[in-house]
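What follows is a single structure, written as structure tokens, with notes after it.
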Amino acid sequence: VTRVFGDLRTALAAGDGEVAQRQAHALAGVAGEVSADTLRRLAKTLELAIKFDQGDTAAMLAELEREAARIVEGAGQLNALAGGVGRPAP
């Protein structure tokens, strides 16, 4: 996820809408696969903002990153509660 956000941030800064849109689309797809509906909606909104060159994409990206961090934190807490179930053996 960190790489995708980095690639997205870099593409936006460089004005490379095609790459940025593709990264936002990928994030929306992954979010949909794990039923992270808010993350999916934010990624899709960013994707469309890039496509139609509308809105404050930097602010949208920041909100998307905050939501992703919230989900990662929650998943970590859930994993800790489960005692690391599903973690590969060393």
Side chain proximity check, M60 to L42, heavy atoms < 4.5 angstrom: no
What's the shortest heavy-atom distance between A11 and A20, and which atoms? CB-N, 3.6 Å
Applying a strict under-4.5 Å side-chain criterion to I, L, V, M, F, W and Y, I'd like to know whether L61 and V30 cluster together. no
Taking only residues two or more places apart in sequence or in another chain, which ones pass side chain to side chain contact (heavy atoms under 4.5 Å, CB included) with Q21? E47, I50, K51
Within-4.5 Å side-chain heavy-atom neighbours: D7 and R3: yes
Measuring from R41:CZ to L46:CG, what's the distance to the nearest 0.5 Å? 12.0 Å
Determine whether more than 12 heavy atoms belonging to other residues, nucleotides or ligands lie under 6.0 Å from atom CG of D53. no
Excluding sequence neighbours, so at least two apart, what forms side chain to side chain contact (heavy atoms under 4.5 Å, CB included) with D37? none
Here the pair of heavy atoms bringing A43 nearest to L64 is N-CD1, 3.5 Å
Name the residue from K44, R70, E67 that meets the side-chain contact (heavy atoms from CB on, under 4.5 Å) definition with L39. E67
Dump the intermediate steps for salt bridge (Lys or Arg N to Asp or Glu O under 4.0 Å) on E63 and R66, then the final yes or no. CA-CA 5 Å; E63 186 176 4; R66 282 190 299 274; 5.2 Å; no
Which value, rounded to the nearest 0.5 Å, describes the distance between L8 atom CG and L27 atom CG? 6.5 Å
Is L78 isolated, or which residues cluster with it under the ILVMFWY side-chain rule of less than 4.5 Å, directly or via members? none
If Ile, Leu, Val, Met, Phe, Trp and Tyr residues are connected whenever their side-chain heavy atoms lie under 4.5 Å apart, and connections chain through other members, are I71 and V4 in the same group? yes
